[in-house]
Asker: 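Please see the structure below; I have some questions.
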Amino acid sequence: MTKNKAVEHAISEREVKKRSQWGMVFQRLKRNKMAMAGLVILILLILMAAFAPVITPFSYYYQQLGSRLQGPCSTHWFGTDHLGRDIFTRIVYGARVSLQVGLISIGIATLIGGLLGAIAGYYGGHFDTGVMRFMDILLAVPGILLAISIVAALGPGITNVMIAVGIGATPVEARVIRASVMQVRDQEFVEAAKAVGTSDLRIIFKHILPNAMAQIIVQATLGVAGAILAAAGLSFIGLGIQPPSPEWGAMLSEGRQHLRDHWHVTTFPGIAIMTTIFALNLLGDGLRDALDPKLKN
């Protein structure tokens with residue numbers, strides 16, 4: 001057997017082993033009831049957002065001033081707000097906004113932070129030092145304050161919120177991926193790939209990052225929860241998604257002046273935020289436990 005064929009055979013065996021390991025991870029995840037509960041809640045939220053026009057007959061911006069601040073009833077399950085808009089409808093459509101912001105923000109953070117972290121972890125040296133010290137500077141600023149500064153500079157709006165929250169989450173993603181790459185870069189299959197002349201970029205994206213995917217998935221899942229909460233915080237103070245777009249944080253802000261006499265205006269958006277964050281944290285914790293190497297047989 002030639003040297004190239006031996007390397008290809010070793011890589012093929014590693015791929016088969018990796019697939020079996022992912023199967024074991026899924027089996028461990030299924031045994032975690034709390035993680036599966038979080039997954040079910042998250043799937044229901046995604047389905048609710050996808051089929052919003054089917055779930056509710058109302059429009060999220062339709063106003064009925066004659067029915068303003070009406071409590072929960074058979075027509076309006078969660079009541080109406082100060083403009084007579086159906087709160088249940090706005091929560092259902094708000095799930096689209098919150099999930100979109102959370103996923104795209106963490107996508108931005110994972111893309112930028114993952115690229116910088118992977119290159120810094122693979123090459124090390126001065127580039128690694130420079131990138132990590134810059135990330136340390138960003139980490140010294142609380143993520144929400146960094147997001148507020150960026151949105152204040154760019155202006156409010158869903159696009160700018162996603163950019164701001166994504167940049168705020170980038171340092172954490174970069175450090176996690178860098179640590180994962182440094183654990184993998186000195187293993188035998190990487191040395192074998194180098195021996196046959198594989199380029200550095202191919203080694204990073206084809207061999208190293210797939211083996212660091214476990215940590216990336218866990219961090220991204222937990223990061224989505226933080227991104228949704230940060231976006232809600234920005235909207236609450238008026239720097240996030242602007243009316244009439246339904247966003248849970250903005251709904252809390254609009255209803256806080258009616259909190260004493262009309263509890264439903266803020267309670268249901270708050271429950272929506274809490275439930276989503278709770279489900280994502282349950283799933284993230286379950287994934288972390290399932291992917292923990294100490295639990296492998």
Side-chain angles (χ1 to χ4, degrees), residues 42 45-46 48-50 52 59-61 81 83 85 87 89-116 134-135 137-174 176 216 219-256 265-266 268-281 283-284:
L42 188 59
L45 286 170
I46 294 173
M48 182 178 72
S59 172
Y60 65 82
Y61 55 81
D81 63 7
L83 295 176
R85 297 172 297 190
I87 293 177
T89 299
R90 291 181 63 78
I91 288 177
V92 170
Y93 279 93
R96 289 183 172 183
V97 177
S98 294
L99 292 174
Q100 178 185 357
V101 170
L103 291 172
I104 294 179
S105 297
I106 295 304
I108 293 172
T110 303
L111 180 63
I112 299 175
L115 183 61
L116 292 175
F134 178 68
M135 294 301 162
I137 293 173
L138 294 180
L139 282 172
V141 182
I144 187 64
L145 292 182
L146 181 61
I148 289 173
S149 302
I150 295 172
V151 172
L154 298 178
I158 186 169
T159 301
N160 293 340
V161 166
M162 290 187 293
I163 294 173
V165 175
I167 293 175
T170 295
V172 176
E173 298 290 335
V176 169
I216 296 173
Q219 183 58 40
T221 304
L222 296 173
V224 170
I228 291 175
L229 195 58
L234 290 173
S235 297
F236 184 83
I237 62 176
L239 291 175
I241 290 86
Q242 299 299 298
S245 296
E247 203 282 329
W248 296 336
M251 293 173 67
L252 286 175
S253 180
E254 291 173 352
R256 58 183 172 175
V265 179
T266 53
F268 291 113
I271 291 174
I273 295 173
M274 181 187 70
T275 303
T276 304
I277 303 302
F278 182 61
L280 285 165
N281 284 333
L283 181 58

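All figures in this text were calculated on a predicted structure; none of them were measured in a lab.
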Asker: About how many Å separate OG of Ser245 and OH of Tyr60, when rounded to the nearest 0.5 Å?
Answerer: 5.5 Å
Asker: For residues 228-255, pull every pair meeting salt bridge (charged side-chain N to carboxylate O under 4.0 Å, His left out), keeping only residues two or more places apart or in separate chains.
Answerer: Arg85-Glu254
Asker: In Å and rounded to the nearest 0.5 Å, what is the CG to OG1 distance from Leu280 to Thr275?
Answerer: 11.0 Å
Asker: Compare all side-chain heavy atoms of Leu103 with those of Val224 and state whether any distance is below 4.5 angstrom.
Answerer: yes
Asker: Taking all non-hydrogen atoms of both residues, which atom of Ala250 and which atom of Ile241 are closest, and how far apart?
Answerer: CB-O, 4.3 Å
Asker: Does any part of the side chain of Met251, heavy atoms only, come nearer than 4.5 Å to the side chain of Ile87, both counted from C-beta?
Answerer: yes
Asker: Quick one: CG on Leu229 to OG1 on Thr276, what's the gap to the nearest 0.5 Å?
Answerer: 10.5 Å
Asker: Taking side chain as C-beta onward, heavy atoms only, is Leu138 less than 4.5 Å from Thr170?
Answerer: no
Asker: List the steps, then state whether side-chain contact (heavy atoms from CB on, under 4.5 Å) holds for Leu111 with Glu173.
Answerer: CA-CA 9 Å; Leu111 180 63; Glu173 298 290 335; over 6 Å; no
Asker: Is the side chain of Trp248 donor-acceptor paired with the backbone N or O of Ile91 at a distance under 3.5 Å, no angle test?
Answerer: yes
Asker: Identify the two heavy atoms, one from Ser253 and one from Ser235, that lie closest to each other, and give their separation to 0.1 Å.
Answerer: CB-O, 4.4 Å
Asker: Is the NZ or CZ atom of Arg90 positioned over Phe268's six-membered ring, under 6.0 angstrom from the centre and within 45° of the axis?
Answerer: no
Asker: With the side chain counted from C-beta on, respond yes when Leu116 and Phe134 share a heavy-atom pair under 4.5 Å apart, and no when they do not.
Answerer: no
Asker: Atom CD1 of Ile108 and atom CD1 of Ile167: how far apart are they, to the nearest 0.5 Å?
Answerer: 7.5 Å
Asker: Which heavy atom in Ala232 sits nearest to a heavy atom in Ile273, and how many Å separate them?
Answerer: CB-CD1, 4.0 Å
Asker: Using every non-hydrogen atom in the two residues, find where Ala52 and Val92 come nearest and quote the distance to one decimal.
Answerer: CB-CG1, 3.5 Å
Asker: Show me the donor-acceptor pairs, under 3.5 Å and distance only, between side chains in residues 143-160 and residues at least two apart or in other chains.
Answerer:
from: Ser149; atom 1: OG; to: Leu145; atom 2: O; distance (Å): 2.9
from: Asn160; atom 1: ND2; to: Leu154; atom 2: O; distance (Å): 3.2
from: Asn160; atom 1: ND2; to: Gly155; atom 2: O; distance (Å): 2.8

Asker: When rounded to the nearest 0.5 angstrom, what is the spacing between CG in Leu234 and CD1 in Ile237?
Answerer: 5.5 Å
Asker: Which heavy atom in Leu45 sits nearest to a heavy atom in Ala95, and how many Å separate them?
Answerer: O-CB, 4.4 Å
Asker: Compare all side-chain heavy atoms of Asn281 with those of Leu222 and state whether any distance is below 4.5 angstrom.
Answerer: yes
Asker: Do you know the tightest heavy-atom contact between Gly168 and Pro171?
Answerer: O-CD, 3.5 Å
